[in-house]
There are 2 protein chains.
Amino acid sequence: MNVQLTEKIEIIFKSTLELICEKGFHGTPMSQIAKQSDVAIGTIYHYFPSKDNLIIELFCYCKQKINNYIFSDWDSTLSYKSRFFIVMRKFCAFYLENTDMFSFMEQFHNSPYLEISRNSWEKNLNEENNIMAFLYEGMRIAELRNINIYILTSSCIGIATSFAKKVIYGPLEFTDENLNEMIEIIWNGVKQQN
Amino acid sequence: MNVQLTEKIEIIFKSTLELICEKGFHGTPMSQIAKQSDVAIGTIYHYFPSKDNLIIELFCYCKQKINNYIFSDWDSTLSYKSRFFIVMRKFCAFYLENTDMFSFMEQFHNSPYLEISRNSWEKNLNEENNIMAFLYEGMRIAELRNINIYILTSSCIGIATSFAKKVIYGPLEFTDENLNEMIEIIWNGVKQQN
DNA sequence: TGTAACCGAATGAACGTTCAATTGACAGAA
DNA sequence: TTCTGTCAATTGAACGTTCATTCGGTTACA
């Protein structure tokens with residue numbers, strides 16, 4: 001993140017999220033973002049050199065948000081399995097409480113923006129990296145099977161993302177029961193078999 | 001699908017896929033699609049009433065392709081587990097042999113086009129529905145645990161999609177070993193525990 | 001001879017971006 | 001306290017470009 005967060009910037013982010021969620025990247029002109037933010041177009045260009053840059057900065061902002069959310073109140077005294085369930089649960093909960101961000105990030109992840117922005121990422125802030133470290137730990141202490149780390153990470157995130165999508169756009173209800181059912185599937189898949 | 005497939009239309013589809021994969025929906029103007037297809041702009045409008053319609057028709061075309069691919073050479077004498085592995089393997093193989101389609105469909109799935117096109121879908125051609133039926137069968141014959149069908153479907157597809165993404169964009173190699181490792185995760189997760 | 005396929009210059013609207021002008025906040029001088 | 005200079009913040013009309021779409025005409029062929 002290269003911009004300092006101010007109230008004004010947060011409003012611009014919020015409006016951009018709402019509009020992109022509803023209309024997509026290219027269905028949301030800068031003029032509309034300005035209008036919805038109650039700000040002049042010039043003001044947006046005062047903070048962001050271009051629309052592309054605004055979108056990339058917004059992406060970084062979202063990654064930080066979810067990362068902070070998942071790993072806040074971290075209790076390392078809990079069993080690994082408990083923590084695994086918490087991580088997965090929080091991952092879903094965040095996106096289901098912030099569907100704008102979910103929609104935006106999914107669009108971003110599947111657009112050429114990802115390539116454009118790859119260089120400017122601080123890899124350490126990658127939302128996946130904390131999760132990856134946590135899964136690594138699971139293998140090290142033999143709670144998880146010994147699996148290629150990329151397969152392991154993408155499996156956990158993939159299943160959770162796809163669950164969230166089914167809840168947001170589809171016919172699935174967001175209940176504890178459904179959530180736990182999904183997490184149990186992946187837990188059974190990756191846990192150390194005994 | 002509302003258009004008859006002709007050689008010319010397949011060329012237009014192919015060019016559109018390539019361009020959208022590289023540049024995204026709105027980075028690919030009709031003029032470029034025409035140029036790459038070696039066809040006049042007017043010709044495209046002869047077959048498709050609008051750019052949006054072209055994209056939606058292309059989406060339907062892709063869904064049919066993958067569906068035919070997965071369920072061709074279907075051998076119902078094989079064990080359920082074998083067929084499960086084949087479906088998952090073919091799902092990944094198709095997208096990894098057709099990365100243009102993968103990129104396009106992922107973009108489509110996460111764009112407002114999805115909503116626009118929902119009404120015009122024949123639900124039966126939904127790529128997921130054949131897979132859903134196959135998973136249903138697995139539960140009926142007690143090869144799979146009794147799980148909410150939407151959770152089950154989205155888990156299997158989510159994990160495979162996410163695997164394909166890691167191979168295409170990321171650091172994961174597409175080897176039989178990796179593929180099997182991924183499928184075993186989800187199989188362990190959903191199979192009837194004994 | 002009629003019709004479907006095909007062509008591409010022209011059109012007009014929409015959009016990202018610029019920039020000259022204005023306002024507001026505030027530090028230091030008087 | 002008042003005045004003044006400075007600079008960041010803000011404004012939005014205007015600009016130039018790009019793009020989807022149109023349409024009048026041409027070709028292929030049945």
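Order of the sequence lines sets the chain letters (A, B, ...), proteins ahead of strands, with each chain counted from 1.
Taking the six-membered ring for Trp and thresholds of 30 and 60 degrees, Phe91(A) and Tyr95(A) have ring planes more than 60 degrees apart, a perpendicular arrangement. Ring geometry for Phe59(A) against Phe108(A) counts as parallel: the plane angle stays under 30°, on a 0 to 90° scale with 60° as the upper cut. Between His26(B) and Tyr113(B), the two ring planes are parallel [angle under 30°; tilted spans 30° to 60°].
Remark on DNA chain D: of its neighbouring residues Ile41(A) and His46(A), the 5'-side contact belongs to His46(A), judged by nearest-heavy-atom nucleotide. Mapping Gly42(A) and His26(A) onto DNA chain C via the closest heavy atom, the residue that lands nearer the 5' end is His26(A).
Note: Phe13(A) and Phe48(A) meet the aromatic proximity criterion, with ring centroids under 6.0 Å apart.
When rounded to the nearest whole Å, the span between CD1 of Ile12(B) and P of dA5(C) equals 12 Å. The CD atom of Glu7(B) sits 14 Å away from the C1' atom of dA5(C) (whole-angstrom rounding). Straight-line distance from the CZ atom of Phe48(B) to the P atom of dA5(C): 12 Å, rounded to whole Å.
At least one side-chain nitrogen or oxygen of Tyr47(B) sits closer than 4.0 Å to the OP1 or OP2 atom of dC6(C).
Judged by the 6.0 Å distance and 45° axis criteria, Lys90(B) is positioned over the aromatic ring of Tyr69(B).
With sequence neighbours left out, Tyr45(B) forms a ring-ring contact (aromatic ring centres under 6.0 Å, His included) with no residue at all.
Close approach of DNA chain D to chain A, defined as any atom under 4.0 Å from a non-hydrogen atom of the protein, starts and stops at dA9(D) to dG12(D).
Using a 4.0 Å heavy-atom cutoff across all strands shown, Thr6(A) reaches no nucleic acid atom at all.
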